[in-house]
Amino acid sequence: MSAAKKSELGVTPLSEDVSAWYNELVFKAELADRGPAKGTMVIRPYGYRIWELLQEQLDQRFKDTGHVNAYFPLFIPQSYLQREAEHVEGFAPELAVVTHGGGKELEEPLVVRPTSETVIGEMYSRWITSYRDLPVLINAWNNVVRWELRPRIFLRTTEFLWQEGHTAHADQAEAMEETLRMFDVYAEFALNVAAIPMVKGEKTPTERFAGAVRTFTIEGMMRDGKALQSGTSHYLGTNFARAFDITYQDADNELQHVHTTSWGMSTRMIGAVILAHGDDQGLVLPPRLAPIQVVIVPIGRGEQGDAPRAKAHELAAELAAAGVRVHVDDRDASPGFKFNDWELKGVPLRVELGPRDLDAGQVLVAQRVGPIDDRGRPVKDTLSFERFVAGVPQRLDDYHDRLVVRAQAYLDEHRGRADDWDTFERLVRTGFADALHCGEEACEDDIKTATTASPRCIPTDGEPEEGACIRCGAPSAYGTRIVFARAY
RNA sequence: CGGGAUGUAGCGCAGCUUGGUUAGCGCGCCUCGUUCGGGACGAGGAGGUCGCCGGUUCGAAUCCGGCCAUCCCGACCA
């Protein structure tokens, strides 16, 4: 990263090198820092607040759909993982294993949970005996550890925070309904809270969760055209019920296995927000996840600044009372510095209040994403003191909608149908390609080798279509086009 | 684990080729003063086991050997 190529902010422009931009921005915006151990991250207050806001709003949706929260242990006896064949196979390479405790070697090693299907399966087998116990609708907020070979902050860290929902049902139909319900919750949340339109679909067998019968995913498009799996919902069938002997007696006195589901969204979602909305100026935060939705910058030094500063605090108090997350930037720094600083941090609305505005009884409002003048600076509009408190929430909602429209436009521009290999290769370099595929793993591998792109999902809203595989020409599988992209 | 690169102040870097005053620059930080409508300025100041271990030498940030760590590109993945 040559210093000369960096913008004034000291961040490599997004347009030049997305990877460098992302890394530098995460640190500069004080979202997170690297931990001392490889692959670990420290989530700093500004980044953690985003997580808290995400948690609050996602958790509310879980409650609204009938779920309750619980906590399950971090340590899992190694033998538990081994009970479900595909599950072990899938997770074995990325397990952290504790072999010693209290200064002695353990009789049985403990794995640090990479996910909790197994412990929860064990507990559910104890808790569930009758159809009257069903359904069990539990969610857990916790941390998990997966020994990643190539960590990237928020996107792939050895330890990450997430929620994992685990439900048990009497039959397949009800479990599938639950799986799809939570799948919809994720997509709705991504759109209405994170302002990211997602491509919804089902994972192909090769991309499926280890131990799942069906896996549904929301895939977001990042600013480099890569896909980011941002939330998954799994129908686990009776795989875990059989492995952990989770049975119930039905109304006819017959012993039945339960059907389980699991679903998760993680701190990776913060990475999605950064990569879906950010620009050369830095972060762009959707208002519903922004720790600070409105920053007020009083203008004027010393005595000249006293009145604007006082008014700024007065307006901030009123705005806070109206439920807006507002901050007055009182720092001893120049206005220009503050403007750039808050732009870097992605604050949606900036309010300027100087002596001139005070006289006019108004403030200037600049939007982080919005119309710009011929110097590339935001066009600032005015808002009178009287209309201020009422006007801001509306602007935040409009701003959210604008981010959605922008992200949707970006997705549409970078997604296309591929009917021949050249088109496929071209599309996949800059975005998503919808193409027919034979469904063979060897062919997927071949595509991956040739383009680094992989099947992201079978879109839920895909039109029925059959034909020849984009790569090998064999008859297509899945009954519709599937989405290929390079992925994080 | 393969390929590539880098370790010098909180951050970004120069110095190393050709060993030799007290290891330097920018940003940031601290103090004082002046400043404040798009990254202000002046003066003063704090901050370093030059990644670690060993070797060569009168003398090593610099040369040699080994080790460690980190980052980037691939294989695993929310």
Side-chain angles (χ1 to χ4, degrees), chain A residues 1-4 6-12 17 19-20 23-24 27-28 33-34 36-39 89-95 114-115 143-164 186 203 206-210 215 217-220 227-234 262-272 281 297-305 308-309 329 331-344 350-358 360 363-364 366 372-373 375-378 380 445 448-449 452 454 487-488:
Chain A
M1 268 50 62
S2 63
K6 290 185 183 181
S7 69
E8 288 176 77
L9 303 170
V11 177
T12 303
D17 182 342
S19 186
N23 280 325
E24 291 166 23
F27 299 135
K28 286 249 155 88
D33 209 340
R34 285 183 219 292
K38 182 186 166 92
E89 201 188 322
F91 281 106
E94 40 183 346
L95 293 180
T115 178
N143 58 336
V144 289
V145 168
R146 299 179 187 178
W147 216 258
E148 297 295 348
L149 300 173
R150 237 186 99 193
R152 287 197 75 184
I153 289 202
F154 289 123
L155 300 175
R156 236 181 358 244
T157 45
T158 296
E159 178 192 3
F160 60 88
L161 305 183
W162 75 343
Q163 67 47 229
E164 43 177 326
Y186 286 145
K203 283 297 188 187
T206 48
E207 298 280 330
R208 206 146 57 196
F209 176 74
T215 288
T217 177
I218 53 171
E219 301 278 331
L228 183 70
Q229 179 176 314
S230 306
T232 48
S233 185
H234 317 289
S262 70
W263 25 274
M265 181 176 276
S266 73
T267 37
R268 169 180 273 191
M269 193 66 195
I270 296 175
Q281 265 59 256
V297 179
I299 313 280
R301 164 82 180 181
E303 282 185 21
Q304 208 191 26
R309 201 158 35 245
D329 187 354
R331 288 177 297 175
D332 182 19
S334 71
F337 175 89
K338 293 175 183 176
F339 297 166
N340 286 287
D341 193 41
W342 293 114
E343 281 166 14
L344 174 75
R350 184 183 66 244
V351 169
E352 303 173 23
L353 206 181
R356 293 205 296 269
D357 303 305
L358 207 54
V363 296
L364 295 186
I372 54 171
D373 63 22
R375 290 180 310 175
R377 300 263 163 75
K380 302 168 186 178
D445 289 345
K448 193 159 191 178
T449 307
T452 77
S454 55
Y488 274 99

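Quantities reported herein were computed from a predicted structural model and do not represent experimental measurements. First the proteins, then the strands, lettered A, B, ... as listed; each starts at 1.
Out of B:rA78, B:rC73, B:rG38, the shortest distance to the side chain of A:Glu148 is found at B:rA78. With B:rC71, B:rA78, B:rG38 as the candidates, the nucleotide lying closest to the side chain of A:Arg34 is B:rC71. Closest contact between the side chain of A:Lys380 and the listed nucleotides B:rG38, B:rC77, B:rA75 involves B:rG38. Residue A:Arg156 has its side chain nearest to B:rC77 when only B:rC76, B:rC77, B:rG38 are considered. Looking at the side chain of A:Ser334, the nearest of the listed nucleotides B:rG39, B:rC72, B:rG38 is B:rG39. Distances from the side chain of A:Leu149 to the nucleotides B:rG37, B:rA78, B:rC76 place B:rC76 closest. Listed nucleotides B:rG37, B:rG38, B:rA78 differ in distance to A:Arg377; the shortest reach to its side chain belongs to B:rG38.
Looking at heavy-atom distances under 4.0 Å, A:Pro93 makes no contact with the nucleic acid at all. Looking at heavy-atom distances under 4.0 Å, A:Gly300 makes contact with sugar-phosphate atoms alone, never a base. A:Pro298 comes within 4.0 angstrom of nothing in the nucleic acid, heavy atoms only.
Counting distance only, with no hydrogens placed and no angle test, the side-chain atoms of A:Asp357 and the base atoms of B:rG37 include a donor-acceptor pair under 3.5 Å. In terms of polar N and O atoms assigned as donor or acceptor, the side chain of A:Glu343 never comes within less than 3.5 Å of the base of B:rG39 in a complementary pairing.
Ring-to-base geometry does not place A:Phe337 in a stacked arrangement with B:rG38 (centre distance under 5.5 Å, plane angle under 30° required).
A cation-pi arrangement, defined by a distance under 6.0 Å to the six-membered ring centre and an angle within 45 degrees of its axis, is present between A:Arg350 and A:Phe339.
Aromatic ring orientation, A:His234 versus A:Phe209: parallel (interplanar angle below 30°, classes split at 30° and 60°).
Nearest-nucleotide positions on RNA chain B for A:Leu364 and A:Arg146 put A:Leu364 closer to the 5' end. The 5' end of RNA chain B is approached more closely, in terms of each residue's nearest nucleotide, by A:Arg350 than by the other of A:Arg350 and A:Leu155.
Atom CD in A:Glu207 sits roughly 12 Å away from atom C1' in B:rC76 (whole-Å rounding). What separates CD of A:Glu24 from C1' of B:rC27 is a distance of 14 Å, to the nearest Å. Between A:Asp329 atom CG and B:rG39 atom P there is a gap of 15 Å when expressed in whole angstrom units.
Put simply, A:Arg150 has a side-chain N or O that comes within less than 4.0 Å of OP1 or OP2 on B:rG74.
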What are the atom names and distances for every N/O pair under 3.5 Å that joins the protein to nucleotides 33-35 of chain B?
from: B:rU35; atom 1: O4; to: A:Arg301; atom 2: NE; distance (Å): 2.5
from: B:rU35; atom 1: O4; to: A:Arg301; atom 2: NH1; distance (Å): 2.2
from: B:rU35; atom 1: O4; to: A:Arg301; atom 2: NH2; distance (Å): 2.5

Using a 3.5 Å limit on both pairing distances, list the dot-bracket string of RNA chain B from the 5' end; Watson-Crick and G-U wobble pairs count, crossing pairs take [ ], interstrand pairs take |.
((((((((.[[[[.)....(...]]]].((((((.....)))))).....[[[[[..)....]]]]])))))))....
